[in-house]
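Everything below concerns the one structure shown next.
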Amino acid sequence: MKKQNAEIAVVLGLIIVLAMMAVEQLLKPDYLIKSALKLLLFGGGIFLYAFISREKISEVLHITGKRPSRKLVVILIGTYVFLMAGFFLLRGELDLPRIKDALTAKEHLTRENFWIVFLYIIVVNSFLEEAFFRGFLYHALRPFGTLPAYLAGSFLFAVYHIGIVSGWFGPLMMILCILGLMGAGLFLQYIEEKNDTLLASWMVHAFANLAINTVGTIVILSLM
């Protein structure tokens, strides 16, 4: 039954990720509508799997109630510093006007909704992605083996984000970005498993999004 449930999780994961990529590339809605569709697809997929597998949502997401290690504070700060340092080191290789256009035109960011989106990405969006990729997908795929579950979840995490960042970079930077996203997925999964709670990877993801949002803010302000 567990192997059968894992196969169902693979199909659900692929369908949902491809659907979100289609939303990004074809529909190109503003951020509010896209977030609602993402909540519907990711959340709906998790609840559908829970219904099929007859598991509780807490079991599907691996919400254990355990507290993350105190060492996680160092990782949180390190994540933010690492990403900010990477931005300033690679700033000359980035097409900043293209990134600004993607943020303002593609995502329809305005002065009125900027801070709402900023906070949503840090808190809600990070949890939704962790719940889907690190909670649901990884633990559902464990019957295939730990390594395949690590790689499959991280690959889908990277593929999903390709649709978001497409058009931001040139080909070389895009390849590096994809590899970096896979690495980030593997790292977040390790954090989740090491601390035995989804809360740990959610916190790290939130700090990563904080850094990315900071970069986005710097880019927009520097080109105004």
Side-chain angles (χ1 to χ4, degrees), residues 3-55 57 59-63 102-103 105-109 113 116-117 120-144 148-169 174-175 177-186 188-189 192 198 201-202 205-206 208-209 212 216:
K3 201 70 174 284
Q4 184 180 357
N5 289 342
E7 293 170 355
I8 292 171
V10 170
V11 174
L12 275 175
L14 284 171
I15 291 174
I16 291 169
V17 167
L18 290 175
M20 281 306 304
M21 289 183 69
V23 168
E24 286 281 355
Q25 298 299 315
L26 301 177
L27 298 180
K28 299 178 181 179
D30 61 34
Y31 195 81
L32 179 62
I33 295 175
K34 182 172 67 175
S35 297
L37 289 172
K38 182 175 179 178
L39 180 62
L40 179 64
L41 287 170
F42 278 25
I46 291 169
F47 277 97
L48 178 59
Y49 176 81
F51 176 77
I52 294 172
S53 64
R54 298 181 180 180
E55 296 179 38
I57 292 296
E59 294 171 341
V60 172
L61 301 184
H62 196 63
I63 298 175
L103 292 172
K106 180 183 175 184
E107 303 296 347
H108 302 285
L109 293 183
N113 67 17
I116 296 174
V117 173
Y120 175 87
I121 290 173
I122 294 171
V123 180
V124 181
N125 191 66
S126 60
F127 176 77
L128 192 57
E129 290 187 7
E130 288 308 300
F132 185 78
F133 292 104
R134 252 65 65 184
F136 155 56
L137 269 183
Y138 173 73
H139 291 282
L141 298 180
R142 281 294 294 272
F144 288 129
Y150 257 88
L151 293 175
S154 299
F155 175 73
L156 288 176
F157 178 71
V159 168
Y160 161 69
H161 282 89
I162 291 173
I164 298 175
V165 300
S166 62
W168 287 30
F169 317 111
M174 180 59 71
I175 292 172
C177 184
I178 293 170
L179 292 175
L181 284 166
M182 273 203 73
L186 292 170
L188 287 167
Q189 193 61 67
E192 189 271 347
L198 188 70
S201 59
W202 176 29
H205 196 151
N209 282 1
I212 293 169

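Atoms considered below: every heavy atom in the structure, side chains included; atoms not considered: hydrogens, waters and symmetry mates.
- Looking only at side-chain heavy atoms (C-beta outward), Glu59 and His139 stay at 4.5 Å or farther from each other.
- In this view, Leu39 and Leu128 satisfy the side-chain contact (heavy atoms from CB on, under 4.5 Å) rule, not counting sequence neighbours.
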**Study point:** side-chain contact (heavy atoms from CB on, under 4.5 Å) evaluation trace for His205 with Arg134
**Key:** CA-CA 11 Å; His205 196 151; Arg134 252 65 65 184; 4.1 Å; yes

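- Residues satisfying the side-chain hydrogen bond (donor to acceptor under 3.5 Å, both in side chains) criterion with Tyr150, sequence neighbours excluded, are Glu193.
- Listed by chain and residue number, Lys38, Glu129 satisfy the side-chain hydrogen bond (donor to acceptor under 3.5 Å, both in side chains) test with Asn125 (two or more places apart in sequence, or in another chain).
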Point to revise | Derivation of the side-chain contact (heavy atoms from CB on, under 4.5 Å) call for Phe133 and Leu188 | key: CA-CA 10 Å; Phe133 292 104; Leu188 287 167; over 6 Å; no

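- Here the CG-CE distance, from Leu151 to Met182, works out to 5.5 Å after rounding to the nearest 0.5 Å.
- Using a 4.5 Å heavy-atom threshold, the side chains of Val123 and Phe127 count as separate.
- In terms of the side-chain hydrogen bond (donor to acceptor under 3.5 Å, both in side chains) criterion, residue partners of Ser126 (sequence neighbours excluded) are, by chain and number, Trp202.
- For the side-chain contact (heavy atoms from CB on, under 4.5 Å) test, residues two or more places apart in sequence or in another chain that qualify with Pro143 are Lys2, Lys3, Ala6.
- Listed by chain and number, the residues in a side-chain contact (heavy atoms from CB on, under 4.5 Å) with Leu48 are Leu12, Ile52 (sequence neighbours excluded).
- Partners of Ile33 according to the side-chain contact (heavy atoms from CB on, under 4.5 Å) rule, which considers only residues two or more places apart in sequence or in another chain, are Pro29, Asp30, Leu37.
- When every heavy atom of Leu156 is checked against every heavy atom of Gly13, the shortest pair comes out as CD1-C, 4.4 Å.
- Residues satisfying the ring-ring contact (aromatic ring centres under 6.0 Å, His included) criterion with Tyr49, sequence neighbours excluded, are Phe136.
- Within the 4.5 Å cutoff, the side chain of Val10 has heavy atoms near those of the Phe144 side chain.
- Checked against salt bridge (Lys or Arg N to Asp or Glu O under 4.0 Å), Glu192 has no partners two or more places apart in sequence or in another chain.
- Remark: the backbone N or O of Leu198 is paired with a side-chain donor or acceptor of Ser201 at under 3.5 angstrom.
- A distance below 6.0 Å separates the ring centres of Phe42 and Tyr160.
- Two residues are said to be in side-chain contact when any heavy atoms from C-beta on lie closer than 4.5 Å; Phe157 and Gln189 fail this criterion.
- With rounding to the nearest 0.5 Å, the separation of NE2 in His161 from CD in Glu24 is 9.5 Å.
- Side chains of Val124 and Tyr120 form a contact here, defined as non-hydrogen atoms less than 4.5 Å apart.
- Summarising the geometry of Asn209 relative to Ile121, their closest heavy-atom pair is ND2-O, 2.9 Å, with the distance given to 0.1 Å.
- Atom CG of Asn5 and atom CD of Glu7 lie 9.0 Å apart (nearest 0.5 Å).
- With a 4.5 Å cut-off on side-chain heavy atoms, Phe132 and Ile16 count as touching.
- Closest heavy-atom contact between Leu41 and Ala19: CD1-CB, 4.0 Å.
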